[in-house]
Trainee: 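I have a structure I would like to understand better, so I am pasting it below and will then ask my questions one at a time.
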Amino acid sequence: MKTKKREAIAAALRELGLRPTVDEEGNVRFTYEMKTLYALTGDEEEPYVVLLLPQFHTVGEEELSACLVASNKLTRELRLAKVFVDEQMRHVSALCDFLYHDEATLKEALRRSARALAVVGSLFRRTMLELGE
């Protein structure tokens with residue numbers, strides 16, 4: 001039964017002024033600063049959440065190396081977010097994962113993680129431009 005954790009995440013997001021929905025896999029979906037994010041709930045008993053910004057960049061034919069370098073650079077610099085190229089080497093995604101203690105820490109972690117993921121796309125594009133110079 002994953003409903004308790006899912007409900008706590010949805011309630012925290014509503015308190016932040018967001019409008020979460022539950023997708024067909026049971027993950028909590030919401031929009032933050034025009035980006036669609038997913039809170040992956042995982043095991044109900046574990047106070048662990050992954051906030052995902054999926055496929056925000058499509059890897060072009062000639063830019064795989066640059067995408068890998070930019071992803072690695074941003075992961076090292078941001079620390080809170082992990083930026084990665086998927087296994088098929090087609091898309092770049094980002095995530096923030098965290099543990100929480102109670103409803104207050106869950107809400108704060110969701111707020112901080114959503115803020116971090118909201119800027120990842122811009123930072124990634126800037127890093128790609130810098131690598132091209």
Trainee: Look at the side-chain heavy atoms of Ile, Leu, Val, Met, Phe, Trp and Tyr, link any pair under 4.5 Å apart, and say whether Val22 and Leu51 land in one connected group.
Mentor: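 Not linked; separate clusters.
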Trainee: Could you grab the distance from atom CD of Glu63 to atom CG of Leu131, nearest 0.5 Å is fine?
Mentor: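 With rounding to 0.5 Å, CD (Glu63) is 10.5 Å from CG (Leu131).
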Trainee: Please enumerate all residues that pass side chain to side chain donor-acceptor pair (under 3.5 Å) together with Lys35, with sequence neighbours excluded.
Mentor: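 Side chain to side chain donor-acceptor pair (under 3.5 Å) check on Lys35 returns nothing, list empty.
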Trainee: Can you list the other members of the hydrophobic cluster that holds Leu40, where links are side-chain heavy atoms under 4.5 angstrom apart?
Mentor: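 Tyr38, Tyr48, Val50, Leu52, Phe84, Leu95, Leu99, which link up through side-chain heavy atoms under 4.5 Å apart, make up the rest of the cluster.
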Trainee: Between Ala39 and Val49, which heavy-atom pair has the shortest distance, and what is it?
Mentor: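 Closest heavy-atom pair between Ala39 and Val49: CB-CG1, 4.2 Å.
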Trainee: Are side-chain heavy atoms of Ser93 and Leu53 found at a separation under 4.5 Å?
Mentor: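 Side-chain contact under 4.5 Å: no.
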Trainee: List in chain and number order the residues that pass side-chain contact (heavy atoms from CB on, under 4.5 Å) with Leu68, two or more places apart in sequence or in another chain; answer none if no residue qualifies.
Mentor: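 Here the qualifying residues are Leu64, Val85.
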Trainee: Are more than 12 heavy atoms, taken from residues, nucleotides or ligands other than Glu46, located less than 6.0 Å from that residue's CD atom?
Mentor: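 Yes, enclosed.
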Trainee: Once side-chain contact (heavy atoms from CB on, under 4.5 Å) is applied, do any residues pair with Thr21, and if so which ones, sequence neighbours excluded?
Mentor: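 For Thr21 the side-chain contact (heavy atoms from CB on, under 4.5 Å) partners, ignoring immediate neighbours, are Arg29.
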Trainee: Can you tell me how far apart NZ (Lys5) and CG (Leu106) are? Round to the nearest 0.5 Å.
Mentor: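 So the gap between those two atoms works out to 9.5 Å.
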Trainee: For Ser71 versus Val83, what's the shortest heavy-atom pair and its separation?
Mentor: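 Residues Ser71 and Val83, closest heavy atoms: CB-O, 3.5 Å.
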Trainee: Check the hydrophobic clustering (I, L, V, M, F, W, Y; side-chain heavy atoms under 4.5 Å; chains of links allowed) and say if Leu74 and Phe98 are grouped together.
Mentor: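 Yes, same cluster.
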Trainee: Quick one: salt bridge (charged side-chain N to carboxylate O under 4.0 Å, His left out) pairs with a partner in residues 108-121, sequence neighbours left out?
Mentor: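 Qualifying pairs: Glu108-Arg111.
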Trainee: Which side-chain N or O atoms in residues 11-19 pair as donor and acceptor under 3.5 Å with protein atoms at least two apart or in another chain?
Mentor:
| residue | atom | partner | partner atom | Å |
| --- | --- | --- | --- | --- |
| Glu15 | OE1 | Lys107 | NZ | 3.3 |

Trainee: Do side-chain atoms of Thr105 reach the backbone of Asp102 as a donor and acceptor pair under 3.5 angstrom?
Mentor: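 Checked: pair present.
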Trainee: Mind checking what makes salt bridge (Lys or Arg N to Asp or Glu O under 4.0 Å) contact with Glu103, not counting sequence neighbours?
Mentor: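 Counting only residues at least two positions away or on another chain, Glu103 forms no salt bridge (Lys or Arg N to Asp or Glu O under 4.0 Å).
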Trainee: Sequence neighbours excluded, which residues qualify as side-chain contact (heavy atoms from CB on, under 4.5 Å) partners of Glu62?
Mentor: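 Not a single residue meets the side-chain contact (heavy atoms from CB on, under 4.5 Å) criterion with Glu62.
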Trainee: Could you work out, with ring pair (Phe, Tyr, Trp, His ring centres under 6.0 Å) as the rule, every residue matching Phe56, not counting sequence neighbours?
Mentor: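 Applying ring pair (Phe, Tyr, Trp, His ring centres under 6.0 Å) to Phe56 gives Phe124.
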Trainee: Can you pull the salt bridge (charged side-chain N to carboxylate O under 4.0 Å, His left out) pairs that have at least one residue in residues 66-84, sequence neighbours excluded?
Mentor: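 Found Lys73-Glu77, Lys82-Asp97.
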Trainee: Could you pull out all residues at least two apart from Thr31 that satisfy side-chain contact (heavy atoms from CB on, under 4.5 Å)?
Mentor: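 If we apply the side-chain contact (heavy atoms from CB on, under 4.5 Å) test to Thr31, skipping adjacent residues, the hits are Thr36.
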Trainee: Which value, rounded to the nearest 0.5 Å, describes the distance between Cys96 atom SG and Leu78 atom CG?
Mentor: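 Nearest 0.5 Å value for the SG-CG distance: 8.5 Å.
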Trainee: Of all heavy-atom pairs between Asn27 and Thr41, which one has the smallest distance, and what is that distance?
Mentor: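 The pair with the smallest heavy-atom distance is OD1-N, 3.6 Å.
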Trainee: Distance check, rounded to the nearest 0.5 Å: Cys67 atom SG versus Arg90 atom CZ?
Mentor: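 Answer for the SG-CZ pair, Cys67 versus Arg90, is 14.0 Å.
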Trainee: Nearest 0.5 Å please: distance from the CD atom of Glu45 over to the NZ atom of Lys4.
Mentor: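 Result: 8.5 Å between the selected atoms.
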Trainee: Tell me if a side-chain donor or acceptor on Thr127 pairs with a main-chain N or O of Ala70 at a distance below 3.5 Å.
Mentor: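 Pair absent, no side-chain N/O of Thr127 close to backbone of Ala70.
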Trainee: Using 0.5 Å steps for rounding, measure from the CD atom of Glu33 to the CG atom of Leu117.
Mentor: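 One gets 11.0 Å once the value is rounded to the nearest 0.5 Å.
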Trainee: Can you pull out every salt bridge (charged side-chain N to carboxylate O under 4.0 Å, His left out) where at least one residue sits in residues 116-126? Sequence neighbours excluded, please.
Mentor: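 Applying salt bridge (charged side-chain N to carboxylate O under 4.0 Å, His left out) to every pair that reaches into residues 116-126, excluding sequence neighbours, yields nothing.
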